[in-house]
Chemist: 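What follows is a single structure, and I will ask about it in a moment.
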Amino acid sequence: MNIGAIRAIYVFEMARTFRTLLQSIVSPVLSTSLYFVVFGAAIGSRIDQVEGVSYGAFIVPGLIMLTVLVQSVNNAAFGIYFPKFIGTIYELLSAPASFVEITAGYVLAAATKSLVIGLIILATSFFFVDLTILHPVWMLAFLVLTCLSFSLFGFIIGIWAQNFEQLQLVPLLVVTPLVFLGGSFYSIAMLPPFWQTVTLFNPVVYLVSGFRWAFFGASDVPVLASLAAIVVFTVACIAVIALIFRTGWRIRK
Amino acid sequence: MADIVTIRNLTKTYGDGFEALKSVNLGIRKGEILALLGPNGAGKTTLISTVCGITRPTSGTITVRGHDTLKDFRAARRLIGLVPQEISLEPFERVMNTVRFSRGLFGGGRDDAHLERVLRQLSLWDKRDARILELSGGMKRRVLIAKALSHDPRVLFLDEPTAGVDVELRRDMWRVVEGLKADGVTIILTTHYIEEAEAIADRIGIIAGGDILLVEEKAALMQRMGQKQMEIQLQDPVTEVPAALADFDLQIGGDGTLIYTYDAQGERTGITRLFSALPDAGLVLRDVQTRQSSLEDIFVNLVNGDAA
Ligand SMILES: Nc1ncnc2c1ncn2[C@@H]1O[C@H](COP(=O)(O)OP(=O)(O)O)[C@@H](O)[C@H]1O
Ligand SMILES: [Mg+2]
């Protein structure tokens, strides 16, 4: 194991984040804060409590998830797509590092970035709503696991993408709709029975539900199911990445 | 001298079925400068990329100091530095950072003293805090070399280091390469400039169509295959080869001279016989001049399949 390689990639990627602080951290935090204002304050004042929580507080976990998912996928996808695009990937491929180190470096950097964004949004939300977190450790665990698993997913997207359009396609056409339809802004229980069943095939439901449980103690699906869903998703992503590097698909000719 | 890189029966067929390498066998000697000379599309980049792990071999084996580049890729790759043909660098990065990144990637601990030596050697030390996009093309190429040297490799691959570079920079690059050789680094460079191979290589390998046609000491290659030409100036210029000299390989040169082509390494050059035949043909010798054929002639002959 070449720990130095992981560190080198991680440090290099984090340096890029700090170089582009405005677009990489400030802008997602700012746009999420706008959601608080619009949904929490403006709409929320006309909606009753949901599952015993004020609507403004209820949407906090979903909003964090929305941002963290999109950021994780985008960051990790861009992280590996960029060296492919400008040709510097030759260095990764000729280094004494296996897919484990390369993936770890990019995924950890992307996950760190989205974790920081998630935490800043969480901190910001205290300015807008009354919020208590029932299970802070679980909250953090769900957040970290989500950052990691979706950064892994983004890493796959970055390898798969052959142009900038494809790079943005998946986050835009797949991730965002799944999050919006995944109960970020409502409880699944509010849907008609048929749609409740359909929703259970949306993996994001399990993330949002588990994450929200850590805040308020109530969940749409069992907490263990949420945990299992994240673990299965993570393992599946790792397996796909291992396969990609074994076959050299879209990386090694 | 012992081989540091050994390539056996290496083939590479790309995904589209194109056979870019056809059973390449090559031993690279420790400490030498080996020039791989070949036209565009010969398979030079493919060969280098396969040794360095960027391209997967279809069959065959490659070892670096005995380490198989697939089974024992970590040990093998630690010994190798690669300067790619295309200038691929992050435009907004700073020189020192990008070189430090390369060293880290190869598992080298932070060693800014070593990096300073490398940057100074390449005249980049003053530019260590410059962004890549502020650098000239020649400097960018040297940043690539600095990255490749950051982990102190024993074998350095330079893929067309002087393609599209002006004469000044080319000589500059040759000096850098000679300095590295003096440090004991084995250097393999590809080129399609014959003068380049002629100027700095110890050995020359000629590659075309995915085959290595030959690898030989530069001097021996030029001697073995070198033909000489002798231009004979006559008192009275001629317009055609006199019948009396039909036995000799003669052509008419400009200004009515005779041009005699012969094998300088041959048992007999035929020069004495030719000179004594001149009076019989009624010609008077005025002056002679000889010219060694260049590597270019050899190269063209080989690639066209005219020579051994
Ligand atoms: N990824 C690829 N897929 C298919 N053919 C390729 C690929 N890369 C190179 N080739 C072909 O392989 C041959 C050798 O290419 P290359 O090794 O780049 O030659 P050189 O470096 O000597 O110019 C060329 O005919 C080229 O078109
Ligand atoms: Mg080439």
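Protein chains get the first letters and strands the later ones, always in sequence-line order, with residue 1 at the start of each.
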Chemist: Check the pair A:Tyr90 / B:Cys52 against side-chain contact (heavy atoms from CB on, under 4.5 Å), numbers first and verdict last.
Modeler: CA-CA 9 Å; A:Tyr90 83 86; B:Cys52 295; over 6 Å; no
Chemist: Does A:Phe126 have more than 12 heavy atoms from other residues, nucleotides or ligands lying within 6.0 Å of its CZ?
Modeler: yes
Chemist: Heavy-atom distance under 4.5 Å to chain A: side chain of B:Phe101, backbone, both or neither?
Modeler: both
Chemist: Please name the pair of heavy atoms, one in B:Ile54 and one in A:Arg252, separated by the smallest distance, quoted to 0.1 Å.
Modeler: O-CG, 3.3 Å
Chemist: Which one wins on heavy-atom pair count under 4.5 Å against chain A: B:Lys12, B:Glu93, B:Arg100?
Modeler: B:Glu93
Chemist: For chain A, find its close neighbours in residues 141-151 of chain B: heavy-atom separation under 4.5 Å, sorted by number, or none.
Modeler: B:Leu144, B:Lys147
Chemist: Flag the one option from B:Thr98, B:Val51, B:Leu82 with the top tally of heavy-atom pairs under 4.5 Å to chain A.
Modeler: B:Leu82
Chemist: Is the CZ atom of B:Arg8 crowded by more than 12 outside heavy atoms at less than 6.0 Å?
Modeler: no
Chemist: Atom CH2 of residue position B:Trp174 - does it have more than 12 heavy atoms of other residues, nucleotides or ligands inside 6.0 Å?
Modeler: yes
Chemist: Can you tell me if B:Phe92 has over 12 outside heavy atoms packed within less than 6.0 Å of its CZ?
Modeler: no
Chemist: Apply side-chain contact (heavy atoms from CB on, under 4.5 Å) to A:Thr88 and B:Ser88, showing your working.
Modeler: CA-CA 5 Å; A:Thr88 52; B:Ser88 322; 4.2 Å; yes
Chemist: Search all heavy atoms of A:Ser98 against all heavy atoms of B:Phe73 and return the closest pair with its distance.
Modeler: CB-CZ, 4.0 Å
Chemist: At a heavy-atom separation under 4.5 Å, does A:Thr247 approach chain B through its side chain, its backbone, both, or neither?
Modeler: backbone
Chemist: Is the CZ atom of A:Arg7 crowded by more than 12 outside heavy atoms at less than 6.0 Å?
Modeler: no
Chemist: Could you list which of residues 105-121 of chain B have a heavy atom closer than 4.5 Å to any heavy atom of chain A, in residue-number order?
Modeler: B:Leu105, B:Phe106, B:Gly107
Chemist: Give, as side chain, backbone, both or neither, the part of A:Ile89 having an atom under 4.5 angstrom from any heavy atom of chain B.
Modeler: neither
Chemist: If we define contacts as heavy-atom pairs under 4.5 Å, which of A:Leu92, A:Ile251, A:Ile6 has the most with chain B?
Modeler: A:Leu92
Chemist: Drop me the distance from A:Leu93's CG to B:Arg77's CZ, to the nearest 0.5 angstrom.
Modeler: 7.5 Å
Chemist: Under 4.5 Å, counting heavy-atom pairs only, tell me which of B:Pro91, B:Ser102, B:Ser49 racks up the most with chain A.
Modeler: B:Ser102
Chemist: Tell me whether the count of non-hydrogen atoms from other residues, nucleotides or ligands lying under 6.0 Å of CD in B:Glu134 goes above 12.
Modeler: yes
